[in-house]
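Please read the structure below before turning to the comments.
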Amino acid sequence: MAATVLVVEDEPAIQELIAYNLRQAGHQPLRADSAEQALKLMQEALPDLVLLDWMLPGLSGIELARRLRADRRTRSIPIIMLTARAEEHDKLTGLETGADDYITKPFSPRELTARVKAVLRRRAPQMTDDVVQVGELHLDPATHRVSARSEPVQLGPTEFRMLHFLMTHPERVHSRTQLLDQVWGDHVFVEERTVDVHIRRLRKALEPTGQDALIQTVRGSGYRLSGG
Ligand code: CA
């Protein structure tokens, strides 16, 4: 499970410590000293998760969390708030603004990586290495292998990510925009019809195993993977 994690923290020593521990856990840290810098970085590319310090110079962590939740492009990025405050009231305020979890300083590297993993598993199961099974389809993220009734299925990297996302979010209709957000990470330069192209390739790859019917087109809405 390698995730890109944006660390927004103004204290250099803490920022360094967090980045070090994220790298040790196999993640790719990006760093910002302020909310303003974080916003600028996110204009270029979206991270898989944001670790956000509550007390920042200028725009506060809480205010940045509010802005990320109010913007359609950044709405679904998981956020973990970092704070020195342990009061229950502050914890509630943090969660109300849309943070997924909350870590109180000082925290151990072990706690940090465990929280990151738990939030990714809950909010972005396609980021984890957990094996997924829907109907006859079996997908192993660690080995990048897909099979149906033990028959291997050959997929390109984009089709693999798309199938992984669909299998970890079955029975739900995903619009093309949502699929672009989730599978491409960011879609500033990708057109919506690109999704259709990759869905076609995915179905074609699944056809020999008879599993292509799992991917359903929902007219006017998008796509759904249904195992039942
Ligand atoms: Ca701070």
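When a ligand or atom number is given, it counts from 1 through the structure's own listing order. Because the structure is predicted, anything quoted here is derived from the model rather than measured. Basis for what follows: all heavy atoms, side chains included, without hydrogens, waters or symmetry-related copies.
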| field | Distance-only polar pair, side chains of Glu171 and Ser226, donor-acceptor under 3.5 Å | value | yes
| Considering the options Met42, Arg73, Arg75, which one meets the side chain to side chain contact (heavy atoms under 4.5 Å, CB included) requirement together with Leu68? | Met42
| Non-hydrogen atoms of Leu139 and Pro141 that approach each other most closely | O-CD, 3.6 Å
| Excluding sequence neighbours, so at least two apart, what forms side-chain hydrogen bond (donor to acceptor under 3.5 Å, both in side chains) with Arg224? | Gln216
| query | With a 4.0 Å cut-off, would you call Glu9 and Lys105 a salt bridge? | reply | yes
| said: Assess whether a salt bridge exists between Asp130 and Arg121, defined as any Lys/Arg side-chain N lying under 4.0 Å from an Asp/Glu carboxylate O. | reply: yes
| If you leave out waters, which protein N, O or S atoms are less than 3.0 Å from the Ca ion (ligand 1)? | Asp10 OD1, Asp53 OD2, Met55 O
